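The structure under discussion appears below in the form of structure tokens.
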Number of protein chains: 2
Amino acid sequence: MDCIFCQIVAGKIPADILYQDEEVIAFRDINPLAPVHLLVIPRKHIPSPVQLSEAESSLMGKMVNTANQLAKKEDIAESGYRLVINCGQQGGQGVPHLHMHLLGGRQLSATLG
Amino acid sequence: MDCIFCQIVAGKIPADILYQDEEVIAFRDINPLAPVHLLVIPRKHIPSPVQLSEAESSLMGKMVNTANQLAKKEDIAESGYRLVINCGQQGGQGVPHLHMHLLGGRQLSATLG
């Protein structure tokens, strides 16, 4: 229960939650890198995509669908957006709980970081 | 059939294909932004995640699983990697055929582009 995202899931740390269901939660990143910067995470503590079992992989579809719906709500579906999953140290993964970044509202660079 | 990725799928344009099955193909990006830079795409021409139907969302799980397997093969699963899906103009989507970038082999920036 040291995981900050598990504590958000459990309601022990406040977050600006935009969507939740039995599988995923979406909330605003507290250190936004773009005008729209949301995180979509599974409720379940999966450390990274590497630990995602094949049986759990449908979660990824759910996470992408959730991000797409939120992009429409945030009015960036037309202008464009980026979905990013960082994995491990060189990937720049900040929190060891699988999460998908949804970034938009500005021109994102072609370098991909 | 103007789509360059559809032409790779059809074998009409050569690519360094690392994996393929009935649903997805993975190949090296011809303009690599990192020591390892692969693309995982569905065979089917889906322009962007916005056009992904809920029924097709299992494809995303398949694409992530494929990327994870390739990260292991390319020996970047331990060091870390980044998965990126660009959508639309501000997202920096270069080719209008859904694709997932797999980047690794160097420290990726925390800015996410």
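Heavy-atom basis, side chains included; hydrogens, waters and symmetry copies ignored. What you see is a predicted model, and the numbers here were worked out from it, not measured in a lab. Lettering of chains follows the sequences in order, A, B, ..., and the numbering in each one begins at 1.
Under the 4.5 Å side-chain contact rule for hydrophobic residues, A/V24 and A/I17 do not share a cluster. Under the 4.5 Å side-chain heavy-atom criterion for ILVMFWY residues, no single connected hydrophobic cluster contains both B/F27 and B/V40. If you chain together hydrophobic residues whose side chains sit under 4.5 Å apart, A/I46 and A/V9 never meet in one group. Follow the hydrophobic side-chain contacts under 4.5 Å out from A/Y19 and you never reach A/I25; the two are in separate clusters. Both A/L18 and A/V64 are assigned to one and the same hydrophobic cluster, defined by single-linkage of ILVMFWY side chains at heavy-atom distances under 4.5 Å.
Applying a 4.5 Å heavy-atom cutoff, the residues of residues 30-39 of chain A that approach chain B are A/L33, A/H37. For residues 96-104 of chain A, heavy-atom neighbours of chain B at less than 4.5 Å comprise A/H101, A/L103, sorted by residue number.
Between B/Y81 and the options A/I85, A/N86, A/V50, a side-chain contact (heavy atoms from CB on, under 4.5 Å) holds for only A/V50.
By number of non-hydrogen pairs under 4.5 angstrom with chain B, the leading residue of A/G94, A/S53, A/C87, A/S109 is A/C87. Interface remark: of the candidates B/P49, B/A110, B/S48, B/P49 forms the most heavy-atom pairs closer than 4.5 Å to chain A. For the set B/L59, B/N65, B/L52, the count of heavy-atom pairs under 4.5 angstrom toward chain A peaks at B/N65. Per-residue heavy-atom pair counts under 4.5 Å with chain A were compared for B/Q89, B/Q69, B/Q93, B/K62, and the maximum is reached by B/Q89. In terms of heavy-atom pairs under 4.5 angstrom with chain A, the leader among B/G88, B/G92, B/G91 is B/G91.
Of the atoms belonging to B/V84, heavy atoms from both backbone and side chain fall under 4.5 Å from chain A.
The CG atom of B/N68 sits 9.0 Å away from the CE atom of A/M60 when rounded to the nearest 0.5 Å. The distance from the CG atom of A/L83 to the CG atom of B/L83 is 11.0 Å, given to the nearest 0.5 Å.
Applying the salt bridge (Lys or Arg N to Asp or Glu O under 4.0 Å) test to every pair with at least one member in residues 36-45 of chain A, sequence neighbours left out, gives these pairs: A/K44-A/E56.
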Just distance, no hydrogens or angles: give the donor-acceptor pairs under 3.5 Å from side chains in residues 70-78 of chain B, sequence neighbours left out.
{"unit_1": "B/E74", "atom_1": "OE1", "unit_2": "B/R28", "atom_2": "NH1", "d": "3.3"}
{"unit_1": "B/E74", "atom_1": "OE2", "unit_2": "B/R28", "atom_2": "NH2", "d": "3.0"}

